[in-house]
Number of protein chains: 2
Amino acid sequence: MGNDTRPPTLKDVASPAGVSVISASRVMRGAPNISNGLREKVETAAQMIGYRRNRIAGSLRGQTTDLITVIVPSMSNHVFPNIVDGIDDALQGSQLRLVLGMTKYKDSSEEDILRDMLTWNPAGVILSGLEHSDSTKEMLSNFSGPIVEVMDTDGDAIDMAVGNSMAEAGVLIARHLVAKGYRRIAYVGAWGERPKRSVKRRVAFEIELERLNTPLVTSVIHEGESSLQHGAQAFKRLLDYDLKIDAVFFANDDLALGALFYCQANNIRVPQDIALAGFNGIELCQSITPRLTTISTPRYEIGWLAGDLIRKQIAGESNSKQQMFRLDLELIEGSTT
Amino acid sequence: MGNDTRPPTLKDVASPAGVSVISASRVMRGAPNISNGLREKVETAAQMIGYRRNRIAGSLRGQTTDLITVIVPSMSNHVFPNIVDGIDDALQGSQLRLVLGMTKYKDSSEEDILRDMLTWNPAGVILSGLEHSDSTKEMLSNFSGPIVEVMDTDGDAIDMAVGNSMAEAGVLIARHLVAKGYRRIAYVGAWGERPKRSVKRRVAFEIELERLNTPLVTSVIHEGESSLQHGAQAFKRLLDYDLKIDAVFFANDDLALGALFYCQANNIRVPQDIALAGFNGIELCQSITPRLTTISTPRYEIGWLAGDLIRKQIAGESNSKQQMFRLDLELIEGSTT
DNA sequence: ATGTTGATTGGTAACGTTGTCAATAATATT
DNA sequence: AATATTATTGACAACGTTACCAATCAACAT
């Protein structure tokens, strides 16, 4: 691949087109007030010599890029892929591009990734959750573009936030389980309860159970990743405690489904012997028999709205600074409770 | 000293540190041959005034960025999130950042996304599949950095390719089904068989069946997305044809699992009444009862290797140009065949 | 006829960094 | 001790674009 020659620049377009460099620039980036004649001349010349914009140069001069920083824990789960899909869809039609970083559930990486990301002068930032290190908060407070924190709305947003109330989710499930007559209720989490929003959900769950005179019997927090297998493992551990648990709320559907499959494989009747409830409402919950009771979170919508807010903010179409968007949660009652 | 509206530059670091701008630059980007004294002076000053590198400016001068373009169909599936996770892990420790674009299964978008991505002067490009439009191929042939095509290895790579042989997968399943005694075999696909690698798999499957004197009875290609529900729908459509099918190979696990759940809900015995096989080997296949027969693809490893090749190539650590990395497939025999 | 306004085009000077070349100081080699 | 390397620092000039300001011209109002 010939890197001997340098790619054509605006000067190379302007010269054969017989126009100034700045005019060529305006045509190439679709600036207003350009006559058809000029546009045509420039476009023809650009086509001819195979000109391609250099956004790096433009970004340097313009002091801002069309890059959007997105930092998520990981992609290997059923939440963030949908979020990212939503963001991307909302960014369609704009010039904005998504630059992705992953913390792999290591809280401290968020700061490092953000620090590096900011060296690219992004136009906007999307993070997950409302909890961040002090350095992260400081970097963001000095950041001039729009910032959206996704997933969680229980707390203070740096700029904008889109997500669900984790507390509401905990309360919804607590009431549901108690209403259904379960009295010895347990909780199962994973990832050592990182990120922190899972803690908010569990705590609200516990408090509501307490309020309903049905205190949480115990909780099992798996240190490792969240998966079907680990859900089954943690569930088995829970059963081994022999606490006559009659219902379990899991931090997510994967854990709950792992437990459900474990029950099916071990002739434990669900919900007669034990009831199971998950969180997120992934497609699988509705497709299996019995359908898993869960809380459906609008993941794609969260991503879409986050992307749309960023896009509008950058385009100057709206000003939603300092706003929090709390989307609806829905209890999906399956046959496991 | 100057403008407090603009972020500090190297000049603002160099001045209080009492060194030249270029020396400050060298320290900030970790160039070799810097004395400890200089490094310390610069780092102190940088810390003091809160200097942050401007990669845009550096990229303009250096003619290359540390951005890696990654174009995938979508994130809402069980394949590409793992790939992207793998890429990201392989890029850890380097300065490289992943810029993500999604075609949403519209083949023609790849070209548009790539065109836009190239305006950012990426250091490398990762695409999925080996099939691309002529324009895409031309843009890539003029691109000077490393290019990795992931997923598919049946064809010619532009530069490097990492993935599996789709044909091998088709053959493996064909042999397995025939060996198990199935004789009236069907195929179910989705997304209108975009991307094209699914066609390669199906065709190899058909040819091998033919060779084994058990020609494919029929295939159903769903036009829309791949999901559990659509798998069930397409499967139901297949059953409605009343062709006495005794085994079905699905384009992926989601479709197959959808069919399996449909069978479970409708008292169709698997594999006695009909055998089902999927493709990809997602975790769920092993967790349910009966375990789904499938072919496991090393998705994370494909992503990791792709990222690692890009990283090494850019660091000049290796030269794997024009190489194809065909990873192993494994038939996971469950209880559905 | 005389401004006035807006549309259209151009010139100049950054944007903040680093490649290249050059100079000097420190160390190794003969 | 003289010379050859190597390590360390600096000066200058790009990199390719666009913000800003200025100029021209046509259309329109007074």
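Residue numbers begin at 1 in each chain, while the letters A, B, ... track the order of the sequences.
In this structure the side chain of B:Asn319 reaches within 4.5 angstrom of the side chain of B:Gln313, judged on heavy atoms. A 4.5 Å side-chain heavy-atom check between B:Ile113 and A:Arg97 finds at least one atom pair inside the cut-off. Here the side chains of A:Val13 and A:Val27 are not in contact, with every heavy-atom distance at 4.5 Å or above.
With salt bridges taken as basic N to acidic carboxylate O contacts below 4.0 Å, one links B:Asp85 and A:Lys104. Residues B:Glu131 and B:Arg197 are not paired through a salt bridge, judged by the lack of any N-O separation under 4.0 Å between the basic side chain and the carboxylate.
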- Item | Per-nucleotide protein contact string for nucleotides 9-19 of chain D (B base, S sugar-phosphate only, - none; heavy atom under 4.0 Å) | BBB-BBBBBBB

